[in-house]
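Quick note on labels: first sequence line is chain A, next is B, and so on, each numbered from 1.
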2 protein chains.
Amino acid sequence: MSSESKRSSELRRSMPLLPIGTVMQLTELTARQIRYYEEHELIQPHRTEGNRRMFSLNDVDTLLEIKDMLEQGVNMAGIKKVFDMKKNSSMLKAQANEEISNSELRQILREEMKLAQRSQKPSLRHGDMSRFYQ
Amino acid sequence: MSSESKRSSELRRSMPLLPIGTVMQLTELTARQIRYYEEHELIQPHRTEGNRRMFSLNDVDTLLEIKDMLEQGVNMAGIKKVFDMKKNSSMLKAQANEEISNSELRQILREEMKLAQRSQKPSLRHGDMSRFYQ
DNA sequence: ATTACATGTTAGGAAAACTGACATGAGTAA
DNA sequence: TTACTCATGTCAGTTTTCCTAACATGTAAT
(Lines give C-alpha, C1' and ligand atoms only; values in the text may rest on other atoms or scores of the structure.)
Protein backbone atom coordinates (compact mmCIF):
# COMPACT_ATOMS: atom_id res chain seq x y z
CA MET A 1 0.00 0.00 0.00
CA SER A 2 1.34 3.43 -0.87
CA SER A 3 1.90 5.82 1.99
CA GLU A 4 -0.45 8.19 0.21
CA SER A 5 -3.39 5.80 0.13
CA LYS A 6 -2.57 4.61 3.63
CA ARG A 7 -2.78 8.17 4.87
CA SER A 8 -6.09 8.91 3.16
CA SER A 9 -7.75 5.69 4.27
CA GLU A 10 -6.56 6.44 7.79
CA LEU A 11 -8.25 9.79 7.41
CA ARG A 12 -11.53 8.18 6.44
CA ARG A 13 -11.40 5.57 9.16
CA SER A 14 -10.89 8.28 11.74
CA MET A 15 -13.84 10.41 10.61
CA PRO A 16 -16.31 10.85 13.45
CA LEU A 17 -19.49 9.49 11.89
CA LEU A 18 -21.38 7.40 14.42
CA PRO A 19 -23.46 8.29 17.48
CA ILE A 20 -23.21 6.15 20.57
CA GLY A 21 -26.42 4.26 19.78
CA THR A 22 -24.98 2.91 16.55
CA VAL A 23 -21.74 2.00 18.27
CA MET A 24 -23.70 0.13 20.95
CA GLN A 25 -25.30 -2.02 18.27
CA LEU A 26 -22.08 -2.62 16.36
CA THR A 27 -20.13 -3.61 19.44
CA GLU A 28 -22.86 -4.98 21.70
CA LEU A 29 -21.49 -2.81 24.49
CA THR A 30 -23.66 -0.67 26.75
CA ALA A 31 -23.41 3.12 26.76
CA ARG A 32 -22.10 2.85 30.30
CA GLN A 33 -19.27 0.60 29.18
CA ILE A 34 -18.32 2.81 26.26
CA ARG A 35 -18.24 5.91 28.44
CA TYR A 36 -16.23 4.07 31.06
CA TYR A 37 -13.58 3.13 28.51
CA GLU A 38 -13.45 6.74 27.37
CA GLU A 39 -13.08 7.83 30.99
CA HIS A 40 -10.01 5.59 31.11
CA GLU A 41 -8.72 7.22 27.92
CA LEU A 42 -8.82 4.08 25.82
CA ILE A 43 -10.80 6.01 23.19
CA GLN A 44 -11.21 9.72 22.49
CA PRO A 45 -14.43 10.17 20.52
CA HIS A 46 -15.10 13.58 19.03
CA ARG A 47 -17.88 15.76 20.36
CA THR A 48 -20.55 17.63 18.45
CA GLU A 49 -21.20 21.27 19.24
CA GLY A 50 -23.90 19.99 21.53
CA ASN A 51 -21.51 17.68 23.39
CA ARG A 52 -22.66 14.39 21.89
CA ARG A 53 -19.96 11.78 21.33
CA MET A 54 -19.26 10.89 17.70
CA PHE A 55 -17.24 7.77 16.99
CA SER A 56 -15.04 6.78 14.08
CA LEU A 57 -14.61 3.32 12.58
CA ASN A 58 -11.24 3.24 14.32
CA ASP A 59 -12.99 3.84 17.63
CA VAL A 60 -15.31 0.91 16.95
CA ASP A 61 -12.33 -1.27 16.15
CA THR A 62 -10.68 -0.25 19.39
CA LEU A 63 -13.85 -0.97 21.34
CA LEU A 64 -14.03 -4.44 19.84
CA GLU A 65 -10.46 -5.05 20.90
CA ILE A 66 -11.24 -3.84 24.41
CA LYS A 67 -14.26 -6.11 24.57
CA ASP A 68 -12.21 -9.08 23.43
CA MET A 69 -9.49 -8.48 25.95
CA LEU A 70 -11.91 -7.96 28.83
CA GLU A 71 -13.65 -11.20 27.93
CA GLN A 72 -10.27 -12.88 28.03
CA GLY A 73 -9.68 -11.63 31.56
CA VAL A 74 -7.37 -8.71 30.84
CA ASN A 75 -8.17 -5.78 33.13
CA MET A 76 -8.21 -2.11 32.22
CA ALA A 77 -4.61 -1.59 33.33
CA GLY A 78 -3.51 -4.43 31.06
CA ILE A 79 -5.45 -3.06 28.14
CA LYS A 80 -3.88 0.34 28.63
CA LYS A 81 -0.43 -1.25 28.56
CA VAL A 82 -1.17 -3.11 25.37
CA PHE A 83 -2.41 0.05 23.68
CA ASP A 84 0.55 2.07 24.90
CA MET A 85 2.85 -0.54 23.42
CA LYS A 86 1.00 -0.50 20.15
CA LYS A 87 1.24 3.27 19.98
CA ASN A 88 4.93 3.19 20.70
CA SER A 89 5.59 0.56 18.10
CA SER A 90 3.61 2.42 15.46
CA MET A 91 5.51 5.59 16.38
CA LEU A 92 8.73 3.74 15.82
CA LYS A 93 7.44 2.57 12.48
CA ALA A 94 6.50 6.11 11.51
CA GLN A 95 9.87 7.47 12.64
CA ALA A 96 11.82 5.02 10.56
CA ASN A 97 9.20 5.15 7.80
CA GLU A 98 9.57 1.41 7.37
CA GLU A 99 8.16 -1.83 8.65
CA ILE A 100 8.69 -2.79 12.26
CA SER A 101 11.92 -4.67 12.86
CA ASN A 102 11.93 -8.33 13.77
CA SER A 103 13.41 -7.63 17.17
CA GLU A 104 10.75 -5.05 17.94
CA LEU A 105 8.10 -7.49 16.83
CA ARG A 106 9.51 -10.21 19.08
CA GLN A 107 9.58 -7.80 22.01
CA ILE A 108 5.95 -6.88 21.50
CA LEU A 109 4.87 -10.48 21.15
CA ARG A 110 6.78 -11.39 24.31
CA GLU A 111 4.91 -8.70 26.23
CA GLU A 112 1.58 -9.81 24.81
CA MET A 113 2.31 -13.41 25.73
CA LYS A 114 3.06 -12.38 29.30
CA LEU A 115 -0.26 -10.59 29.57
CA ALA A 116 -2.09 -13.47 27.96
CA GLN A 117 -0.55 -15.98 30.34
CA ARG A 118 -1.43 -13.88 33.34
CA SER A 119 -5.08 -14.04 32.33
CA GLN A 120 -4.77 -17.79 31.65
CA LYS A 121 -5.72 -17.44 28.02
CA PRO A 122 -3.55 -18.60 25.14
CA SER A 123 -3.56 -15.51 22.94
CA LEU A 124 -5.02 -12.11 22.22
CA ARG A 125 -7.16 -11.91 19.14
CA HIS A 126 -8.93 -8.64 18.58
CA GLY A 127 -12.06 -7.54 16.77
CA ASP A 128 -12.26 -6.81 13.10
CA MET A 129 -14.35 -3.92 11.88
CA SER A 130 -13.47 -4.59 8.27
CA ARG A 131 -16.67 -6.52 7.79
CA PHE A 132 -18.63 -3.31 8.25
CA TYR A 133 -17.21 -1.33 5.39
CA GLN A 134 -15.67 -1.95 2.05
CA MET B 1 -14.62 -9.34 -7.76
CA SER B 2 -16.26 -12.58 -6.64
CA SER B 3 -20.03 -12.55 -6.34
CA GLU B 4 -19.54 -13.58 -2.73
CA SER B 5 -17.43 -10.59 -1.75
CA LYS B 6 -19.64 -8.33 -3.84
CA ARG B 7 -22.67 -9.50 -1.92
CA SER B 8 -21.08 -9.01 1.49
CA SER B 9 -19.67 -5.57 0.70
CA GLU B 10 -23.14 -4.61 -0.52
CA LEU B 11 -24.43 -5.77 2.83
CA ARG B 12 -21.99 -3.55 4.68
CA ARG B 13 -22.65 -0.52 2.52
CA SER B 14 -26.36 -0.87 3.17
CA MET B 15 -26.05 -1.03 6.95
CA PRO B 16 -28.00 1.81 8.54
CA LEU B 17 -25.27 3.51 10.58
CA LEU B 18 -25.63 7.26 10.31
CA PRO B 19 -28.07 9.76 11.81
CA ILE B 20 -29.28 12.66 9.71
CA GLY B 21 -26.86 15.09 11.31
CA THR B 22 -23.86 13.14 10.08
CA VAL B 23 -25.39 12.81 6.64
CA MET B 24 -25.95 16.56 6.52
CA GLN B 25 -22.25 17.12 7.11
CA LEU B 26 -21.12 14.48 4.64
CA THR B 27 -23.37 15.72 1.86
CA GLU B 28 -23.70 19.41 2.73
CA LEU B 29 -27.46 19.04 2.32
CA THR B 30 -30.01 20.41 4.79
CA ALA B 31 -32.28 18.12 6.78
CA ARG B 32 -35.18 19.61 4.82
CA GLN B 33 -33.61 18.57 1.54
CA ILE B 34 -32.82 15.06 2.71
CA ARG B 35 -36.35 14.54 3.98
CA TYR B 36 -37.77 15.95 0.77
CA TYR B 37 -35.83 13.46 -1.32
CA GLU B 38 -37.08 10.68 0.90
CA GLU B 39 -40.63 11.97 0.47
CA HIS B 40 -40.06 11.52 -3.26
CA GLU B 41 -38.83 7.99 -2.64
CA LEU B 42 -35.32 8.59 -3.94
CA ILE B 43 -33.97 7.11 -0.70
CA GLN B 44 -35.52 4.83 1.93
CA PRO B 45 -33.53 5.26 5.14
CA HIS B 46 -34.21 2.86 7.96
CA ARG B 47 -35.92 4.02 11.12
CA THR B 48 -34.95 3.38 14.72
CA GLU B 49 -37.58 2.15 17.15
CA GLY B 50 -38.00 5.79 18.08
CA ASN B 51 -38.59 6.82 14.46
CA ARG B 52 -35.23 8.43 13.79
CA ARG B 53 -33.88 8.03 10.27
CA MET B 54 -30.69 5.99 9.99
CA PHE B 55 -28.75 6.16 6.73
CA SER B 56 -26.39 3.76 5.05
CA LEU B 57 -23.29 4.58 3.02
CA ASN B 58 -25.35 3.70 -0.04
CA ASP B 59 -27.88 6.33 0.97
CA VAL B 60 -25.12 8.91 1.24
CA ASP B 61 -23.88 7.95 -2.20
CA THR B 62 -27.36 8.33 -3.60
CA LEU B 63 -27.77 11.71 -1.94
CA LEU B 64 -24.51 12.90 -3.49
CA GLU B 65 -25.77 11.79 -6.88
CA ILE B 66 -29.03 13.62 -6.33
CA LYS B 67 -27.16 16.75 -5.31
CA ASP B 68 -24.98 16.55 -8.40
CA MET B 69 -27.89 16.12 -10.74
CA LEU B 70 -29.90 18.93 -9.16
CA GLU B 71 -26.90 21.23 -9.49
CA GLN B 72 -26.74 20.26 -13.15
CA GLY B 73 -30.35 21.29 -13.64
CA VAL B 74 -32.05 17.88 -13.59
CA ASN B 75 -35.36 18.05 -11.73
CA MET B 76 -36.81 15.45 -9.37
CA ALA B 77 -38.76 13.73 -12.12
CA GLY B 78 -35.60 13.35 -14.16
CA ILE B 79 -33.68 12.00 -11.22
CA LYS B 80 -36.41 9.47 -10.55
CA LYS B 81 -36.19 8.34 -14.17
CA VAL B 82 -32.46 7.93 -14.01
CA PHE B 83 -32.72 5.88 -10.83
CA ASP B 84 -35.51 3.73 -12.25
CA MET B 85 -33.36 3.00 -15.27
CA LYS B 86 -30.42 2.12 -13.09
CA LYS B 87 -32.55 -0.24 -11.07
CA ASN B 88 -33.92 -1.90 -14.18
CA SER B 89 -30.52 -2.32 -15.73
CA SER B 90 -29.09 -3.81 -12.55
CA MET B 91 -32.10 -6.15 -12.37
CA LEU B 92 -31.36 -7.27 -15.90
CA LYS B 93 -27.77 -7.83 -14.93
CA ALA B 94 -28.83 -9.90 -11.94
CA GLN B 95 -31.29 -11.92 -14.01
CA ALA B 96 -28.74 -12.89 -16.59
CA ASN B 97 -26.01 -13.10 -13.95
CA GLU B 98 -23.66 -11.43 -16.39
CA GLU B 99 -22.50 -8.04 -17.51
CA ILE B 100 -24.94 -5.72 -19.21
CA SER B 101 -25.13 -6.19 -22.96
CA ASN B 102 -23.79 -3.61 -25.35
CA SER B 103 -27.24 -2.89 -26.74
CA GLU B 104 -28.64 -2.36 -23.26
CA LEU B 105 -25.76 -0.07 -22.46
CA ARG B 106 -26.36 1.96 -25.63
CA GLN B 107 -30.06 2.24 -24.79
CA ILE B 108 -29.28 3.53 -21.30
CA LEU B 109 -26.74 6.00 -22.58
CA ARG B 110 -29.21 7.26 -25.22
CA GLU B 111 -31.77 7.92 -22.48
CA GLU B 112 -29.22 9.66 -20.31
CA MET B 113 -28.12 11.83 -23.22
CA LYS B 114 -31.71 12.88 -23.85
CA LEU B 115 -32.13 13.92 -20.23
CA ALA B 116 -28.79 15.69 -20.20
CA GLN B 117 -29.60 17.63 -23.36
CA ARG B 118 -32.97 18.67 -22.00
CA SER B 119 -31.25 20.27 -19.03
CA GLN B 120 -28.62 21.84 -21.35
CA LYS B 121 -25.75 20.05 -19.65
CA PRO B 122 -23.34 17.77 -21.42
CA SER B 123 -23.31 14.75 -19.10
CA LEU B 124 -24.26 13.28 -15.78
CA ARG B 125 -21.45 12.66 -13.36
CA HIS B 126 -22.39 11.48 -9.91
CA GLY B 127 -20.91 11.68 -6.40
CA ASP B 128 -18.37 9.33 -4.99
CA MET B 129 -18.61 8.20 -1.41
CA SER B 130 -15.57 5.98 -1.70
CA ARG B 131 -13.39 8.68 -0.21
CA PHE B 132 -15.20 8.28 3.12
CA TYR B 133 -14.40 4.67 3.80
CA GLN B 134 -11.74 2.16 2.95
C1' DA C 1 -50.09 36.54 -13.62
C1' DT C 2 -50.33 32.09 -11.96
C1' DT C 3 -48.52 27.80 -10.88
C1' DA C 4 -45.28 24.34 -9.64
C1' DC C 5 -41.09 23.17 -7.59
C1' DA C 6 -37.43 22.97 -4.30
C1' DT C 7 -36.26 24.76 -0.14
C1' DG C 8 -36.50 27.82 4.18
C1' DT C 9 -38.52 28.52 8.64
C1' DT C 10 -41.10 27.85 12.76
C1' DA C 11 -43.57 25.42 16.50
C1' DG C 12 -44.42 21.78 19.56
C1' DG C 13 -43.25 17.24 20.87
C1' DA C 14 -40.54 12.95 21.49
C1' DA C 15 -36.26 10.28 21.30
C1' DA C 16 -31.52 9.93 22.38
C1' DA C 17 -27.60 11.24 24.74
C1' DC C 18 -25.33 13.79 28.64
C1' DT C 19 -23.47 14.09 33.58
C1' DG C 20 -23.41 12.72 38.19
C1' DA C 21 -24.60 9.91 41.87
C1' DC C 22 -25.49 5.81 44.09
C1' DA C 23 -25.99 0.50 43.86
C1' DT C 24 -24.06 -4.11 43.15
C1' DG C 25 -21.72 -8.53 42.44
C1' DA C 26 -17.32 -10.77 41.84
C1' DG C 27 -12.85 -11.00 43.01
C1' DT C 28 -8.79 -9.70 46.18
C1' DA C 29 -6.38 -8.34 50.25
C1' DA C 30 -6.05 -7.73 55.01
C1' DT D 1 -14.83 -12.39 57.81
C1' DT D 2 -14.55 -7.79 56.49
C1' DA D 3 -13.23 -4.36 53.62
C1' DC D 4 -11.83 -2.72 49.14
C1' DT D 5 -11.52 -2.38 44.19
C1' DC D 6 -13.20 -2.95 39.70
C1' DA D 7 -16.41 -3.01 35.98
C1' DT D 8 -20.96 -2.29 35.25
C1' DG D 9 -26.04 -1.34 36.31
C1' DT D 10 -29.49 2.02 37.22
C1' DC D 11 -31.84 6.31 38.03
C1' DA D 12 -32.81 11.38 37.83
C1' DG D 13 -32.75 15.61 35.76
C1' DT D 14 -31.08 18.14 31.59
C1' DT D 15 -29.83 19.26 27.01
C1' DT D 16 -29.45 18.18 22.22
C1' DT D 17 -31.11 16.20 18.16
C1' DC D 18 -34.62 14.75 15.37
C1' DC D 19 -39.55 14.31 14.22
C1' DT D 20 -43.95 15.97 11.72
C1' DA D 21 -46.85 19.43 10.02
C1' DA D 22 -47.72 23.77 8.39
C1' DC D 23 -46.91 27.90 6.19
C1' DA D 24 -43.57 31.10 3.54
C1' DT D 25 -40.69 32.20 -0.49
C1' DG D 26 -37.90 32.77 -4.72
C1' DT D 27 -37.29 31.12 -9.29
C1' DA D 28 -38.71 29.03 -13.49
C1' DA D 29 -42.27 27.45 -16.51
C1' DT D 30 -46.88 28.15 -18.50
For this session: In whole angstrom, give the distance that lies between atom CG of B/L18 and atom P of D/dT17.
Result: 16 Å

Exercise. Between A/K67 and A/Q33, is any pair of side-chain heavy atoms under 4.5 Å apart?
Worked result: no

Seminar exercise, completed: Value for CG (B/L18) from CG (B/L57), rounded to nearest 0.5 Å, stands at 6.0 Å

For this session: State plainly whether the residues B/E38 and B/R47 are in salt-bridge range, i.e. N to O under 4.0 Å.
Result: yes

Exercise. Counting just side-chain N and O atoms, does A/T30 come under 4.0 Å of either OP1 or OP2 of D/dG9?
Worked result: yes

Seminar exercise, completed: Reading nucleotides 17-30 of chain C from 5' to 3' and marking B where a protein heavy atom lies under 4.0 Å of the base, S where only the sugar-phosphate is that close, and - otherwise, the string is BBB-----------

For this session: Could you give me the CA-CA distance, side-chain angles and deciding distance for B/D59 and B/T62, then say whether side-chain hydrogen bond (donor to acceptor under 3.5 Å, both in side chains) is met?
Result: CA-CA 5 Å; B/D59 290 329; B/T62 301; 5.3 Å; no

Problem set entry | Distance in angstrom units between B/I34 CD1 and D/dT17 P, rounded | 15 Å

Exercise. Think B/T48 has a side-chain N or O under 4.0 angstrom from the OP1 or OP2 of C/dA16?
Worked result: yes

Exercise. Are the side chains of A/K86 and A/E65 in touch, meaning some heavy atoms are under 4.5 Å apart?
Worked result: yes

Exercise. Between B/L29 and B/Y37, what is the shortest heavy-atom contact and its length?
Worked result: CD1-CE1, 4.0 Å

All N/O contacts under 3.5 Å from nucleotides 2-6 of chain C to the protein, with atom names and distances to one decimal?
| unit_1 | atom_1 | unit_2 | atom_2 | d |
| --- | --- | --- | --- | --- |
| C/dA6 | OP1 | B/M76 | N | 2.8 |
| C/dA6 | OP2 | B/Y36 | OH | 3.0 |

For this session: Locate the shortest heavy-atom distance separating B/P19 from B/F55; write the atom from each residue and the value.
Result: C-CD1, 4.2 Å

Exercise. NE2 of A/H46: more than 12 outside heavy atoms within 6.0 angstrom?
Worked result: no

